[in-house]
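Report on the structure given below.
Whatever order the structure lists them in is the order used to number ligands and atoms, beginning at 1.
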Amino acid sequence: MTSLHFVIFCVFFGPSGCQINCIPEAVDETKFTVNVTEHIRVESIDCVVIPHRVTFPRGRVAARYQKMLFQGDPSNVIDKKVVYDADSNKEDSFSIKNLPCGEYDYGFKLEWGCNQTYTFPERVHVSVLPLATKPTVLVPLLTEEERSELICGVAKPCSQRLRVCWKWTKADGQSAVLSDYRYGILDQWFYGYKDTLRINPTAHHHNTNITCVAEYDNDLTEATVTLNVKFKPKITNDSHCLVKGELLVCMCVSWGNPLPPISWPLENLTTFSVTSLRIAQTVRSTFTMPASEYHSATVKCTSSNERGLAETSIIIRNSEESAKPNTLPGRRKGIDSALPWIAGLCFSLNLVFITALIVHICQRRNNKQKEQSKEIDIYMSLKKGGVEEEYSVISAKPKPKPFTKTGKWL
Ligand SMILES: *[C@@H]1O[C@H](CO)[C@@H](O)[C@H](O)[C@H]1NC(C)=O
Ligand SMILES: *[C@@H]1O[C@H](CO)[C@@H](O)[C@H](O)[C@H]1NC(C)=O
Ligand SMILES: *[C@@H]1O[C@H](CO)[C@@H](O)[C@H](O)[C@H]1NC(C)=O
């Protein structure tokens, strides 16, 4: 009997000699089955777990067999398990780490005895999708010079390395890295990790963007918030007062958050006008009155909001552009005898001057009326509060920092 010879052979030459000479047996392929999920979807930071349960003819596939997972082609084995206990109905799983985004196919095969294999026809399709969860950025109420902490919560990867960094994008679009936490140990936070950024907010942080970037070995995700920093008014040095002809014209420019209204010393005044323009966080107020009614060398401009008050005394200057009518080309080359001609010139000059004066007065009246109606308009709008669009239409001279006012708070 061949089997008897085989046993004797094994006894004499040991198990290794036995394996070399063993003969593969025929198996009934219908007795092999594997129960698997056909399609598995995961995100790029997850590990892929492939649960399965194999069934095979117990009498044929004896204990100490190998169960293998291959990707694509059966020869491309990526993981294997040696099973000593032939409990065929046990649920088991393979786990795959660090799979980049993409589509993958996996299959199973068994190997036992004399290098006998069986490849299951079932395949598992795995889709690794980009991480959909963005970092969560928490920003407290920010106030100038009050140290604050921003928190960025990120998802925990199954096995990949994680780097968290903070980027600051200034109003001019330039960005700078504020903090870079590269592959260290982050604090646990809910279902992930957190990183904390400490800042001393200033007025220049207002309306700028802070981005928290979470970078994994196989993916990158980020979230951006626009900072809203409360700060007290600051009166800028382009505020000025000029005497233009009979008029005293003052302009005061202040910026603050919330928007800081400007006030002028209007007590005891009867004839004056005030107009205000708002551009982002800046208020530009113009004050006009007859110069003869003002008896001081400076004008006080005051601006305030809930964070504080700013005040400045603007020195009144004389405008250089006060009437300079003698700008005719020098034609009088010692022709003193041409007196009648000079008289004629004087007459026409007077005529021009008078006409100009009339036109000027008419224009001023018009302007005054316009300014007064504008003023009413603007103050009504200021009361409404936060209606930026109305002003951006009026604003002819945008300030160098065109802040947008939409703040996103998470
Ligand atoms: C089984 O196959 C491997 C290579 O695939 C070989 O190294 C080994 O010797 C074989 N074993 C037997 C018992 O045939
Ligand atoms: C800040 O982010 C917002 C959207 O979150 C964007 O509209 C704006 O342009 C960004 N500003 C800067 C200065 O990058
Ligand atoms: C206004 O102040 C800034 C600094 O705050 C300075 O650079 C600039 O020269 C000043 N302008 C005038 C007209 O004084």
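Distance alone, capped at 3.5 Å, places no donor-acceptor pair between the E122 side chain and the V36 backbone.
A salt bridge is absent between E149 and K194: the closest approach of a Lys/Arg side-chain nitrogen to an acidic carboxylate oxygen does not fall below 4.0 angstrom.
Considering backbone and side-chain atoms together, T169 places no N or O closer than 3.5 Å to any N or O of ligand 2.
For W112 and Y118, the ring centers sit 6.0 Å or farther from each other.
With N207, V225, N209 as candidates, the residue nearest to atom 11 (N) of ligand 2 on a non-hydrogen basis is N209.
For ligand 2, the atoms sitting less than 4.0 Å from at least one non-hydrogen atom of K170 are 13 (C), numbered in the order shown with element in parentheses.
The line from CG of L69 to NZ of K81 is 9.5 Å long, rounded to the nearest 0.5 Å.
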